[in-house]
Amino acid sequence: MQPTPKTEQELLMRANALAGMTLGELAQIANIAVPPDLRRDKGWVGQLLEWHLGASAGSKPVPDFTELGIELKTIPVGYHGKPLETTFVCVAPLIGLHGLCWENSHIRHKLARVLWVPVEGERDIPLADRHVGSPLLWSPSPEEEQQLRQDWEELMDMIVLGQVEQITARHGEVLQLRPKAANSKAQTEAYGANGQPIKTLPRGFYLKTQFTAGLLEKYFIL
DNA sequence: GAGTGATCATAC
DNA sequence: GTATGATCACTC
């Protein structure tokens, strides 16, 4: 593991130095084996970048760069720089929502400051040959935060009203709610239609590709 | 082909 | 089960 960057500038310089390199090169430096594909190693790319940038949090529920309050997210992009996948942000709280508002929600804090690192994700590029792109240190603009907040409030309203199971990934313009579990048999507690507790699949918030594509386009001066 | 719902690994 | 890291893969 590389030393933890002490300033935002140091982190950014470190991330910039990785741009243009391949995952194979980075894995060799870190002395990590490159898996044949990501089918059984979905978090591999993210963890490789965490190693190189000196992320300190490990598996703890705090930002990757705790001291800087910055979250690291890798994002798979295609040949045109467009995101190939939605981006998982955090699990959605399904109970104990009394008094919860956007300002003190987990997701807002997660997205307050994010270092996005695009990585080639086309499946026909061998993992070791995929290139890392230029990093983007981002905070939501007032417009972006408003979009996120609006979707969040709609989804949370449904959860409070016991309509979790009626929510699909089609709800929300930029933020969606989808299963986040080991498999479809996982259970967690939530509110039922009459306020009684029910068991349901754990859900997570995901940023839609349209939204992340907008970020990369808007803030990336290529 | 895109998008939604399902899934994988690992630590605690 | 929950937290971390996400992509897979089936259906439309």
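Throughout, a chain's letter reflects where its sequence line sits, starting with A, and its residues are numbered from 1. All values derive from a computational prediction rather than experimental measurement.
- Residue A/Thr87 is classed as having no contact, given no heavy-atom separation below 4.0 Å to the nucleic acid.
- Residue A/Ala182 is the one, among A/Ala182 and A/Lys42, whose nearest nucleotide of DNA chain C lies closer to the 5' end (criterion: closest heavy atom).
- For the pair A/Arg170 and B/dG5, the criterion of a side-chain N or O lying under 4.0 Å from OP1 or OP2 is met.
- Rounded to whole Å, atom P of C/dT2 lies 11 Å from atom CG of A/Leu201.
- The distance between atom CD of A/Glu85 and atom P of C/dG5, rounded to the nearest whole Å, is 17 Å.
- The residue A/Gly46 sits close only to the backbone: its heavy atoms come under 4.0 Å of sugar-phosphate atoms, none of a base.
- The CG atom of A/Leu155 lies 6.0 Å from the CZ atom of A/Phe205; values are rounded to the nearest 0.5 Å.
- Put simply, A/Arg39 has no side-chain N or O that comes within less than 4.0 Å of OP1 or OP2 on B/dC8.
- Side-chain atoms of A/Lys60 and base atoms of C/dT4 include no donor and acceptor less than 3.5 Å apart.
- Between A/Lys110 and C/dT4 there is a side-chain N or O to OP1 or OP2 distance below 4.0 Å.
- Using a 4.0 Å cut-off between a side-chain N of Lys or Arg and a carboxylate O of Asp or Glu, A/Arg130 and A/Glu122 do not qualify as a salt bridge.
- Candidate nucleotides C/dA6, B/dT7, C/dT7 were compared by shortest atom distance to the side chain of A/Phe88, and C/dA6 ranks first.
- Each of A/Arg130 and A/Gln187 lies near DNA chain C, and the nucleotide nearest A/Gln187 is the one positioned closer to the 5' end.
- For B/dT7, its base never sits under 3.5 Å from the side chain of A/Lys180 at any donor and acceptor pair.
- Nucleic acid contact class of A/Val91 (heavy atoms, under 4.0 Å, all strands): sugar-phosphate only.
- No engagement by A/Leu84 is indicated, since no non-hydrogen atom pair under 4.0 Å with the nucleic acid exists.
- One can place CG of A/Leu207 at 12 Å from P of C/dA6, the figure rounded to the nearest angstrom.
- In this structure, A/Phe205 places its CZ atom 18 Å from P of C/dA6, rounding to the nearest Å.
- Residue A/Thr209 is classed as having no contact, given no heavy-atom separation below 4.0 Å to the nucleic acid.
- We find that CZ of A/Arg203 is positioned 18 Å from C1' of C/dA3, with the value rounded to whole Å.
- Within the nucleic acid shown, A/Arg123 comes within 4.0 Å of at least one base atom, counting heavy atoms only.
- For A/Arg108 and A/Glu145, the salt-bridge test passes: some basic side-chain N is under 4.0 Å from an acidic carboxylate O.
- Closest to the side chain of A/His106, out of B/dA6, C/dG5, C/dT4, is C/dT4.
- Within the 4.5 Å cutoff, side-chain heavy atoms of A/Leu148 are placed close to those of A/Trp102.
- By the 4.0 Å N-to-carboxylate-O rule, A/Lys218 lies close enough to A/Glu144 to be salt-bridged with it.
- Side-chain proximity of A/Glu71 to B/dT4, C/dT2, C/dG5: nearest is C/dG5.
- Here the side chains of A/His171 and A/Met158 are in contact, with some heavy-atom distance below 4.5 Å.
- Among the nucleotides B/dT7, C/dA6, B/dT4, the one closest to any side-chain atom of A/Asn183 is B/dT7.
- A/Gln176 has a side-chain polar atom (N or O) that falls below the 4.0 Å cut-off from OP1 or OP2 of B/dT4.
- For the pair A/Ser184 and B/dT7, the criterion of a side-chain N or O lying under 4.0 Å from OP1 or OP2 is met.
- In the set B/dC8, B/dT4, C/dT7, B/dC8 carries the atom at the smallest distance from any side-chain atom of A/Arg40.
- Distance, A/Arg178 CZ to B/dT7 C1': 11 Å, rounded to whole Å.
- Here the P atom of nucleotide C/dA3 and the CG atom of A/Leu94 are 10 Å apart, to the nearest Å.
- With no hydrogens or angles considered, a side-chain donor-acceptor pair links A/Ser141 and A/Glu143 at under 3.5 Å.
- Within 4.0 Å (heavy atoms only), A/Gln210 reaches no atom of the nucleic acid at all.
- The distance between atom CG of A/Leu49 and atom P of C/dT4, rounded to the nearest whole Å, is 18 Å.
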